[in-house]
Amino acid sequence: MHWADKVAEELLSRGKKHRIATGITPSGHIHLGNLREMLTADVVRRAVEDRGGKAEMVYIADTFDPLRKRYPFLPEEYEKYVGMPLSEIPCPCGGHENYAEHFLEPFLESLEILGIDVEVKKADEMYRKGEYVQEIKTSLREKEKIKKILEEVTGKKCDESWSPFMPLCESCGRINSTRVVDFDDSGVYYVCECGHEGKASYRGGGKLGWRIDWPARWKILGITCEPMGKDHAAAGGSYDTGKLLAKEVFGIEPPYPIVYEWIHLKGVGAMKSSKGIVVPVREIVEVLPPEIVRYIIIRSKPERHIDFDPSSLLDLIDEFEEAYARGDRSVELSLVKSVRYCRVPFRHLVVVGQIAGWNPDRVVEILKRTGYEIDVEDIRRRLKYAEKWLSRFAPDRLKFEIRDVEELNVKFDEEELEFLRRFAEAMKEGMNASDLHNLVYEVANDVGIKPGKAFKAIYKAIVGKSYGPRAGYFMESLGVEWVKDRFLRVVEVNS
RNA sequence: GGGCUCGUAGCUCAGCCAGGCAGAGCAGCGGCCUUUUAAGCCGCUGGUCGCGGGUUCAAAUCCCGUCGAGCCCGCCA
């Protein structure tokens, strides 16, 4: 059974309706590793629904978190924003409303492409709208109890000035430099390192510290399940404290946890937005079809780490297509529902695309002529990915270009020309890949050259290199008439 | 100081929760086909299941220990 189906069974044994939470801080490029959180949730949601349950997904973007430090990818002037909430910092490119949006927007676009339907909540808006008011008050009231739980579970002392609530300083704009001195029903009194003394509102005047914020949002949003990176799941980590706080302070059952491992970039290591070692999600969905991006993550159990190796993508796509034919569950869960999918191999699109100069109409024409059952919309869709994949990841030996005969830049000897001439003459309309392939041997035999030399002559005449795609199906794709004319032209020009 | 995950064929992994003849894909080799190519199909090769112990009629699977790899937590989400 697929891992998502097992999780779904477990969830359904607890209840019929589920709300699955996800949370990623938009402090830097949101990358493939972060995407695992979303896809894990999405696939569990689907599995729950497939079993007749109800499930929805919420994404809480931690836009109200402080900027921890000036990351390597940020200009020096961002030093002054350290400690301020991401939602209050200017956008690095100037094109978005704020810093958080800059990273959030491309990510949310990607989610759409990936078919992940999710309710997006921005933490700064949640706080400002007052969604946290009750939980902030509860936390302040239960401060000692919370403190005790944190200290017991983490084995670390909270200092004297510790508070579950972090006020946002009205003067310097930082959210990690204030100290709570008192609170009443109208707000929280604080002093800031910058010298300012003020009163923070329960609505957007500050936020709960992470370890409290997390269980608080479980309660606010009614969360029953949440995937989390393994950092949260470590003993004494935030899930350990969260589940106790959930029960003892907020009076709820903690959500069912799905712990997932990191995604590494082959030969580089784990992706870390703070270090700038990332493959942003937006870039991946530009280059790879969504069903493949989904498959990369969905096929592996969450607790296994994934080595993402861009150089073996074609093998992965082959594997996907084969699994598709088998009716594999991972593939089923990977296919985006709104996307049509037909069974022309991606590999083949790469070849035909090159033959057709990436003209979709010509590609469709070739595919139809060579007997493929196609869905035109899907062909057009995946053709774009094939072209991008070829230019970005493919080894040179898979690339070719069909140039004019005059520009081939290769020399032919007498035997080769003789072969090409006789081959052209022997070709008949209606021959298929295998006929053409066999014809190579026949003609080579007649001319008295080795088959190897014959194949080379064919490739030289078509693409100007001594190798190329499987000759029979290559020529079939090009069309008998075209190849015939081509060879005769080559003979003419080189004689 | 605590904790998690992984270790099964050359490579990537499934099987483990619920014990019952060790599996798949790729790679390799051979064939279909006078074949050195980037398609397809068929077959073959290949493993002390990290190691040691325990439970059991029976252990890759459960228990204890140990080694190796990767990683996390100690108010950073």
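In what follows, every heavy atom counts, from backbone to side chain, and hydrogens, waters and symmetry copies are set aside. In what follows, chains are A, B, ... by sequence order, proteins preceding strands, each numbered from 1. Everything quoted here is computed from the prediction, not taken from an experiment.
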Quiz item: On a whole-Å scale, what distance lies between the P atoms belonging to B/rG19 and B/rA59?
Solution: 13 Å
Self-check item: Of the listed nucleotides B/rU34, B/rA38, B/rC72, the one nearest the side chain of A/K230
Solution: B/rC72
Practice problem: Could you tell me whether A/E418 and A/R422 have a side-chain N and a carboxylate O separated by less than 4.0 Å? | Solution: yes
Quiz item: From B/rA39, B/rG7, B/rU34, pick the nucleotide closest to the side chain of A/R347?
Solution: B/rA39
Quiz item: What is the nucleic acid contact for A/G236, judged by heavy atoms within less than 4.0 Å: base, sugar-phosphate only, or nothing?
Solution: sugar-phosphate
Exercise. Have a look at A/L150 and say if it touches a base, only the backbone sugar-phosphate, or nothing, with a 4.0 Å heavy-atom cut-off.
Key: nothing
Quiz item: Nearest of B/rC16, B/rC73, B/rA38 to any side-chain atom of A/K6?
Solution: B/rC16
Quiz prompt | Given B/rA38, B/rC13, B/rC72, the nucleotide with the shortest approach to the side chain of A/L398 | solution = B/rA38
Self-check item: Carboxylate-amine/guanidinium proximity below 4.0 Å for A/D435 and A/K428
Solution: no
Quiz item: Can you name the one residue among A/K456, A/K460, A/K453 that meets side-chain hydrogen bond (donor to acceptor under 3.5 Å, both in side chains) with A/E416?
Solution: A/K460
Practice problem: Go ahead and name the base partner of B/rU48; Watson-Crick or wobble counts if both distances stay under 3.5 Å, otherwise write none. | Solution: none
Quiz item: RNA chain B: A/P469 or A/E319, which has the more 5' nearest nucleotide?
Solution: A/E319
Self-check item: Distance between P atoms of B/rC4 and B/rC62 (Å, rounded)
Solution: 15 Å
Quiz prompt | Complement of B/rU61, any strand, by Watson-Crick or G-U distances under 3.5 angstrom | solution = none
Quiz item: Checking all strands, does A/R470 fall into the base, sugar-phosphate, or nothing category for heavy-atom contacts under 4.0 angstrom?
Solution: base
Exercise. Just call it for A/F474: base, sugar-phosphate, or nothing, with non-hydrogen atoms closer than 4.0 Å on any strand.
Key: nothing
Exercise. Please measure how far the C1' atom in B/rU55 lies from the corresponding atom in B/rG65, and state the result in whole Å.
Key: 15 Å
Quiz item: Considering only B/rA38, B/rU37, B/rC6, which nucleotide approaches the side chain of A/V351 most closely?
Solution: B/rA38
Quiz item: Of the nucleotides B/rC17, B/rG70, B/rU37, which one has an atom closest to the side chain of A/E261?
Solution: B/rG70
Quiz item: Contact class for A/K301 vs. all strands (heavy atom < 4.0 Å): base, sugar-phosphate, or nothing?
Solution: sugar-phosphate
Self-check item: Nearest listed nucleotide, side chain of A/D231, among B/rC71, B/rC73, B/rA38
Solution: B/rC73
Self-check item: Residue mapping more 5' on RNA chain B - nearest nucleotide basis, A/S300 or A/G237
Solution: A/S300
Self-check item: Mate of B/rG25 where both pairing distances stay under 3.5 Å, Watson-Crick or G-U
Solution: B/rC11
Exercise. Would you classify A/Y473 as touching base, sugar-phosphate or nothing, given that sugar-phosphate means primed atoms plus P, OP1 and OP2, and contacts are heavy atoms under 4.0 Å?
Key: nothing
Quiz item: A/D318 near the nucleic acid: base, sugar-phosphate alone, or nothing, with a heavy-atom cut-off under 4.0 Å?
Solution: nothing
Quiz item: What does A/Y467 touch in the nucleic acid at a heavy-atom separation under 4.0 angstrom: a base, only the sugar-phosphate, or nothing?
Solution: nothing
Quiz item: B/rU35, B/rC73, B/rC17: which one has an atom nearest the side-chain heavy atoms of A/N438?
Solution: B/rU35
Quiz item: Quick one: the side chain of A/H305 and the base of B/rU5, do they pair up donor-acceptor inside 3.5 Å?
Solution: no
Exercise. Go through B/rC73, B/rG7, B/rC72 for me and flag the one nearest to the A/R304 side chain.
Key: B/rG7
Quiz item: In Watson-Crick or G-U wobble terms, both distances under 3.5 Å, what is the partner of B/rC17?
Solution: none
Exercise. Would you mind pulling out the nucleotide paired to B/rC41, Watson-Crick or G-U wobble, both distances under 3.5 Å?
Key: B/rG31
Quiz item: Contact class for A/W162 (heavy atom, under 4.0 Å): base, sugar-phosphate, or nothing?
Solution: base
Quiz item: Does B/rU55 pair with anything, Watson-Crick or G-U wobble, both distances under 3.5 Å, and if so, with which nucleotide?
Solution: none
Quiz item: In terms of side-chain heavy atoms of A/E303, which of B/rA38, B/rC71, B/rC6 is nearest?
Solution: B/rC6
Exercise. For A/H232, report the nucleic acid contact type (base, sugar-phosphate, nothing); a contact means any heavy atom under 4.0 Å.
Key: base
Exercise. Kindly state whether the ring of A/H29 and the ring of A/F107 have centres lying under 6.0 angstrom apart.
Key: no
